[in-house]
Amino acid sequence: QVQLVESGGGLVKSGESLRLSCAASGFTFDRTGIAWFRQAPGKEREGVLCIDKGGRVAFLTDSVQGRFSVSRDNAENTVTLEMNDLRPEDTGVYSCATTLRERWNDGVYKCEEFGYWGQGTQVTVSS
């Protein structure tokens with residue numbers, strides 16, 4: 001049974017940081033890419049970034065580049081999303097998902113389809 005469990009969300013002020021974790025089980029983690037998504041109230045879900053099995057990263061939105069980073073621990077089956085310099089527009093429910101389709105073209109990694117999803121963790125950034 002595939003499980004993805006996010007943790008680490010909370011309420012922070014603008015400019016502060018948070019670290020989210022995605023704990024995975026039930027599949028071959030070290031062969032699977034993981035993506036982070038977020039959904040703000042009243043808005044569609046937005047891709048944030050994804051990380052492949054080897055640690056290559058693709059950003060799915062330009063708005064977090066330079067502020068968010070991601071890493072994975074294949075021994076612990078976890079992916080960590082580091083979010084710095086948070087802004088009110090970063091508010092939302094953050095979820096992780098397994099990738100179903102990925103591409104590597106000339107060393108550039110892209111993630112395109114997603115399978116299993118976690119329940120999400122709330123991140124609220126106040127101004």
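Since this is a predicted model, take the numbers as computed values, not measurements.
Residue Ala97 comes nearest to Leu4 through the heavy atom pair CA-CD1, 3.8 Å, listed as atom of the first residue, atom of the second, then distance. Residues Val79 and Arg72 come closest through the heavy atom pair CG2-CB, 3.9 Å. In terms of heavy atoms, Arg87 sits closest to Ser14 at CA-OG, 4.2 Å. Of all heavy-atom pairs spanning Thr99 and Cys111, the tightest one is CG2-CB, 3.9 Å. For Gly26 against Val2, the heavy-atom pair with the smallest separation is O-CG2, 3.7 Å. A pairwise comparison of heavy atoms in Ser126 and Pro88 identifies C-CG, 4.4 Å as the closest pair.
Transitive grouping of hydrophobic side chains (ILVMFWY, heavy atoms separated by less than 4.5 Å) keeps Val70 and Leu60 in distinct clusters. Using a 4.5 Å cut-off between side-chain heavy atoms of Ile, Leu, Val, Met, Phe, Trp and Tyr, with links allowed through other members, Leu100 and Trp36 fall into different hydrophobic clusters. In the hydrophobic cluster analysis, where Ile, Leu, Val, Met, Phe, Trp and Tyr join through side-chain heavy atoms closer than 4.5 angstrom, Ile34 is grouped together with Val57.
Arg103 contributes no side-chain N or O that, together with a main-chain N or O of Glu112, makes up a donor-acceptor pair within less than 3.5 Å. Judged purely by atom type and a 3.5 angstrom limit, Arg67 uses its side chain to pair as donor or acceptor with the backbone of Ser63.
With sequence neighbours excluded, the residues satisfying side chain to side chain contact (heavy atoms under 4.5 Å, CB included) with Val12 are Glu16, Leu18, Leu86, Val125.
Thr91 OG1 to Gln39 CD: the interatomic distance, rounded to the nearest 0.5 Å, is 13.5 Å. To the nearest 0.5 Å, the span separating CZ on Phe29 from SG on Cys22 amounts to 7.0 Å. Here CZ of Phe27 is found 10.5 Å from CD of Gln3. Values are rounded to the nearest 0.5 Å. Here CG of Asp73 is found 4.5 Å from OG1 of Thr78. Values are rounded to the nearest 0.5 Å.
At a threshold of 4.5 Å between non-hydrogen side-chain atoms, the residues Val5 and Ser25 do not count as touching. Side-chain contact between Asp52 and Glu102 is present, with at least one heavy-atom pair separated by less than 4.5 Å. Asp30 is not listed as a side-chain neighbour of Lys53, based on a closest heavy-atom distance of 4.5 Å or more. Using a 4.5 Å heavy-atom cutoff, the side chains of Ser17 and Glu82 are not in contact.
Other residues, nucleotides and ligands contribute over 12 non-hydrogen atoms within 6.0 Å of the CD atom of Glu89.
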Could you check Val108 against Arg56 for side chain to side chain contact (heavy atoms under 4.5 Å, CB included), going step by step and ending with a plain yes or no?
CA-CA 8 Å; Val108 176; Arg56 278 170 289 196; over 6 Å; no
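For the side chain to side chain contact (heavy atoms under 4.5 Å, CB included) criterion with Arg38, the lone passing option out of Val123, Val64, Leu81, Leu20 is Val64.
Applying the ring-ring contact (aromatic ring centres under 6.0 Å, His included) test to residues at least two apart or on different chains, the pairs with a partner in residues 99-127 are Phe37-Phe114, Phe37-Trp117, Trp104-Tyr109.
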